[in-house]
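What follows is a single structure, written as structure tokens, with notes after it.
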Amino acid sequence: MRTRVRGWRWRRNPLRRRSDVVEAWTVLVVAVLMLVVAPLVGAAAGLHAHGQARALAAVQRAERHQVRAVVIDEPSRRPSTEGDHRLPYRAQVRWAEPGGGVRTVWTRVPAGSRPGKPVTVWLDSRGRSVAPPPDDMAVWQHAVTVGLCAATGTATVVFLSRTVERRIALRHRLAEWEREWERTGPRWTQPRT
């Protein structure tokens, strides 16, 4: 039958070794790092990423504008399987500019777009076809992903550090036991006469 005494590494007793005290403090530090510091690092990284992504999205919204265009050519690639229908394809589109001219470019269009079908095209300040600027949901997804990765990375570093420390502590504990046995062993192994 085995009994477990909580906090025995913190109490003063003759069986407590220095390595037990070091391990007790290490467990406390690791618990604080895992439960407090890792989430704080994740939150800070997520908030920083959110601010940067929001600023980038605002810049892209200012630089880009959308026009309604008409598909004038068949998409460059047809979906080959049932699950491939949602992927965008490249096709040639045309729209009328505000000055009266007509522009034609190759751009990505939704799957299933046919000639004559209207589509929305995003253009940058130089008139090149570009992706639409990220919306608020994409900004939040980016921020949450960065925050989770930062928190997980911090927790992983703490866990790996604890594993390395535990191996080193075990090596020291075994060396300590060996030294103690060298002092105590001869008294136990001498033949009694």
Quick check: do [X] and [Y] have side-chain heavy atoms less than 4.5 Å from each other?
X: Q66; Y: L123; result: no
X: I72; Y: T104; result: yes
X: W95; Y: R68; result: no

Discussion item. Let's go through V22 and E165 carefully: what are the C-alpha distance in whole Å and the side-chain angles of both, what is the deciding distance for side-chain contact (heavy atoms from CB on, under 4.5 Å) to 0.1 Å, and is it a yes or a no?
Written reply: CA-CA 10 Å; V22 169; E165 182 277 330; 4.2 Å; yes

Worksheet item: Any donor and acceptor pair, going by atom type alone, linking the side chain of S113 with main-chain N or O of P110 inside 3.5 Å?
Response: yes

Worksheet item: Within the distance-only criterion (no hydrogens, no angle test), does the side chain of S161 pair as donor or acceptor with the backbone N or O of V157 below 3.5 angstrom?
Response: yes

Rounded distance [0.5 Å steps], [atom1] in [X] versus [atom2] in [Y]:
X: R90; Y: Q92; atom1: CZ; atom2: CD; answer: 10.0 Å
X: R61; Y: W122; atom1: CZ; atom2: CH2; answer: 8.5 Å
X: R171; Y: R166; atom1: CZ; atom2: CZ; answer: 14.0 Å
X: R183; Y: E180; atom1: CZ; atom2: CD; answer: 5.5 Å
X: L47; Y: Q52; atom1: CG; atom2: CD; answer: 12.0 Å

Pairs under 3.5 angstrom only: tabulate donor-acceptor contacts from the side chains of residues 129-149 to other protein residues two or more places apart or in another chain.
residue	atom	partner	partner atom	Å
S129	OG	T107	OG1	2.4
D135	OD1	A138	N	3.0
T145	OG1	Q141	O	2.7

Item to complete: Please go through V164's hydrophobic cluster and name the other residues, only I, L, V, M, F, W, Y counting, with side-chain heavy atoms under 4.5 Å joining them.
Response: I168

Quick one: do [X] and [Y] end up in the same hydrophobic cluster if we chain Ile, Leu, Val, Met, Phe, Trp and Tyr together by side-chain heavy atoms under 4.5 Å apart?
X: V105; Y: V70; answer: no
X: V21; Y: L28; answer: yes
X: V32; Y: F159; answer: no

Worksheet item: Looking at G42 and A150, what are the two nearest heavy atoms and their distance?
Response: CA-CB, 4.1 Å

Practice prompt. Identify the two heavy atoms, one from A91 and one from V71, that lie closest to each other, and give their separation to 0.1 Å.
Written response: CB-CG1, 4.3 Å

Residue [X] excluded, over 12 heavy atoms near [atom1] under 6.0 Å:
X: H65; atom1: NE2; result: yes
X: R54; atom1: CZ; result: no
X: R94; atom1: CZ; result: no

Practice prompt. Starting from the C-alpha separation in whole Å, work towards a yes-or-no answer on side-chain contact (heavy atoms from CB on, under 4.5 Å) for V158 and M34.
Written response: CA-CA 7 Å; V158 169; M34 289 284 229; 3.9 Å; yes

Practice prompt. Using a strict cut-off of less than 4.0 Å between a Lys/Arg side-chain nitrogen and an Asp/Glu carboxylate oxygen, indicate whether E23 and R162 qualify as a salt bridge.
Written response: yes

Discussion item. Using the rule side chain to side chain contact (heavy atoms under 4.5 Å, CB included), only one of R173, H172, R167 pairs with L170; which is it?
Written reply: R173

Item to complete: Could you walk me through whether V119 and V121 pass side-chain contact (heavy atoms from CB on, under 4.5 Å), step by step?
Response: CA-CA 6 Å; V119 293; V121 178; 4.2 Å; yes

